[in-house]
Novice: 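Below is a structure I'd like to ask you about.
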Protein chains: 2
Amino acid sequence: MDHPIGEVAAFAGVTVRALHHYEEIGLLRPSRRTPAGHRRYTDGDLARLQQIRFYQELGFRLDEVAALLDDPETDPTEHLRRQHALLLGRAARLEAMAAAVERTLEAHRMGVNLTPEERFEVFGERDPEQYATEADRRWGDGPAYREARRRTARYTKDDWRRITGEQRQVGARFAELLRSGAAATCREAMDLAEEHRRQVCRYFYDCDHTVHRGLADLYESDPRFTEGYGPAPELGRYVGAAIRANADRHEG
Amino acid sequence: MDHPIGEVAAFAGVTVRALHHYEEIGLLRPSRRTPAGHRRYTDGDLARLQQIRFYQELGFRLDEVAALLDDPETDPTEHLRRQHALLLGRAARLEAMAAAVERTLEAHRMGVNLTPEERFEVFGERDPEQYATEADRRWGDGPAYREARRRTARYTKDDWRRITGEQRQVGARFAELLRSGAAATCREAMDLAEEHRRQVCRYFYDCDHTVHRGLADLYESDPRFTEGYGPAPELGRYVGAAIRANADRHEG
DNA sequence: ACTTGCACCTCACGCACCGTGAGGAGCCAC
DNA sequence: GTGGCTCCTCACGGTGCGTGAGGTGCAAGT
């Protein structure tokens, strides 16, 4: 009912050394040892290893993986659902990159020279926030968060003024819409949500519609994010609803 | 007409430190320096950086990337085509992993316990065959052909994209090996051949080593099957030799 | 003329994730 | 008893940067 280390390594596509390492850092401890000291992995251990492999493939560091898996508030199916979403997101990103390569090829064929922005737009991506501490609590500090921090770290003061200015403008337009009595599900509100999403993409991380839904929760639950434009909690809910409607529209 | 390092870093989504590192290891040297010693990157440097980023995203190490880019026999468009194939392959792999997560979820819901093989099959590897129509001509409508047609008939457009992406990846890896000077009878080449065989099994029909030998002939005689990855006829012979060596190994 | 302030420079140490032996033991087959 | 395979435990090495520390170049403000 349990397996020796070589077999496990072969199954999982990792080396024996890696399994040793996982034990050293407390990430995966085999449930049993033989009298001779040989490691034996149970099916439960294998299930954990599977989770480890998925998270790792997604770019999490091993200490992050350990934190995720050892969080008592997360049940197994939640891990799987999260991994599913992240995997599809990454796949989509790679396809976008492939498309970018195609465009580059095309430009090359035409003898056109690309602008730097065009060259690297697909590398823009994934994930966190100026709400660094919020993002932290919500997503731990996954690869997306690190990427965002890396990017934001390079922004100058002028960049920040420009970026927050743009964001405040979107916020103001949301407040405007809300005051006008337009539904959060109307086209204008959804377009505004889409604009917001693209801003996040441009300045912070690769924010697809799924991730954007997560931000919607954030806006609704924390009035800090919309304060200053209007009736805070109500505007938060309004923006959240618009983001969700927009996501529905694009995913439908 | 050239750019300071911070700007380049922002464009490309890398840190300034990374660019310093690339220069240290001779991977990317800015074409110019200002009198004050500040690096200046030309558009040509940016083009190279773009290539670096793509290859890196695909999992190549920096010294490998340098070797690839500095190979005088490879022209720019060949890099792009190769990257395109590899990106699609990786995207396909991630989608397969997402599907595996779905299956795991489903099994979980049913209360079923997965076998280790099931748990990790997606981590093993990749790749198959599109030569359905060729198979057609060769085997007329024997049982193998009928099975292939039965299975391929159910594939959606998405399935096809995924499958051909995986295949192209194996092709690219063969080309890589050939370029590296490895013998077609080396272990890596045979492993790759075996991987290829399993793809055929998974996506088309039961392809044992004998049948695989038949495919080897096909690849050698028709350069269409390996074009786009490298010197077509040579690569075809190389793949054929690897398949035969692999068959020998398994049948021996 | 002076001082911020930012972008840039050059060391140089540190860290994550293992790879890669070295040296030895358990276990099976002949 | 002697290969031959798998397993064990150190322990050093390597890649791809992160992260200061300490200093320079230059433009704008006072």
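Residue numbers begin at 1 in each chain, while the letters A, B, ... track the order of the sequences.
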Novice: Which listed nucleotide (C:dC9, D:dA11, C:dA12) is nearest to the side chain of B:His20?
Specialist: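 Of C:dC9, D:dA11, C:dA12, C:dC9 is nearest to the side chain of B:His20.
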
Novice: Rounded to the Å, how far apart are B:Glu64 CD and D:dT15 C1'?
Specialist: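 Taking CD of B:Glu64 and C1' of D:dT15, I get 11 Å after rounding.
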
Novice: What is the distance, to the nearest angstrom, from the CZ atom on B:Arg53 to the C1' atom on D:dC17?
Specialist: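 Rounded to the whole Å, the gap is 13 Å.
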
Novice: Any base atoms under 4.0 Å from B:Ile5, or only sugar-phosphate, or nothing? Heavy atoms, all strands.
Specialist: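 Here B:Ile5 touches the backbone only, sparing every base.
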
Novice: Looking at B:Thr15, does any N or O in its side chain come under 4.0 Å of the phosphate oxygens OP1/OP2 on D:dG18?
Specialist: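 Indeed, a polar side-chain atom of B:Thr15 lies that close.
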
Novice: How long is the straight-line distance from CD of B:Glu64 back to CG of B:Leu58, given to the nearest 0.5 Å?
Specialist: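 Answer rounded to 0.5 Å: 11.5 Å.
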
Novice: Which of the following nucleotides, C:dT10, D:dC17, C:dG19, is nearest to the side chain of B:Arg33?
Specialist: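 Of all the options, the side chain of B:Arg33 is nearest to C:dT10.
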
Novice: Quick check for you: to the nearest 0.5 Å, what is the distance between A:Asp45 atom CG and A:His3 atom NE2?
Specialist: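 Atom-to-atom, A:Asp45:CG and A:His3:NE2 are 9.0 Å apart.
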
Novice: Under the criterion salt bridge (Lys or Arg N to Asp or Glu O under 4.0 Å), I'd like the reasoning laid out for A:Arg48 against A:Asp70: C-alpha separation, chi angles, the key distance, then a yes or no.
Specialist: CA-CA 10 Å; A:Arg48 186 173 169 101; A:Asp70 293 337; 3.0 Å; yes

Novice: Are side-chain N/O atoms of B:Gln83 and B:Gln51 paired as donor and acceptor at under 3.5 Å?
Specialist: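 B:Gln51 and B:Gln83 do have a side-chain donor-acceptor pair below 3.5 Å.
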
Novice: Could you check how far CG of A:Leu27 sits from P of C:dA16, rounded to whole Å?
Specialist: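 A:Leu27 atom CG is separated from C:dA16 atom P by 14 Å.
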
Novice: From CD1 of A:Ile52 over to C1' of C:dA16, roughly how many Å is that when rounded to an integer?
Specialist: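 My rounded result for the distance is 16 Å.
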
Novice: Starting at atom CG of A:Leu19, determine the distance to atom P of D:dC7, rounded to an integer number of angstrom.
Specialist: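 My rounded result for the distance is 10 Å.
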
Novice: Is the distance between the ring centroids of A:Tyr55 and A:Phe60 under 6.0 Å?
Specialist: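 A:Tyr55 vs A:Phe60: aromatic centres under 6.0 Å.
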
Novice: Quick check on D:dT9: is either OP1 or OP2 less than 4.0 Å from any side-chain nitrogen or oxygen of A:Arg39?
Specialist: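 Yes, A:Arg39 has a side-chain N/O under 4.0 Å of OP1/OP2 on D:dT9.
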
Novice: Using OP1 and OP2 only, check whether a side-chain N or O of B:Tyr22 sits under 4.0 Å from D:dC17.
Specialist: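 So the side-chain polar atoms of B:Tyr22 do come within 4.0 Å of the phosphate oxygens OP1 or OP2 of D:dC17, strictly under.
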
Novice: Starting at atom CD of B:Glu24, determine the distance to atom P of C:dT10, rounded to an integer number of angstrom.
Specialist: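 Result: 9 Å.
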
Novice: Within the 4.0 Å heavy-atom criterion, would you say A:Arg17 contacts the bases, only the backbone, or no part of the nucleic acid?
Specialist: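 Here A:Arg17 touches the bases of the nucleic acid.
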
Novice: Can you find a side chain N or O atom of A:Gln56 that sits less than 4.0 Å from OP1 or OP2 on C:dA16?
Specialist: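 Result: no.
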
Novice: For B:Ala36 and B:Leu62, find the nucleotide of DNA chain D closest to each by heavy atoms; which residue's nucleotide sits nearer the 5' end?
Specialist: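 So the residue in question is B:Leu62.
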
Novice: Starting from P on D:dC17, measure out to CD1 on B:Ile25 and report it in whole angstrom.
Specialist: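 After rounding, the gap between these two atoms is 8 Å.
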
Novice: Could you state the NE2-P distance from B:His21 to C:dG14, rounded to the nearest angstrom?
Specialist: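 Result: 18 Å.
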
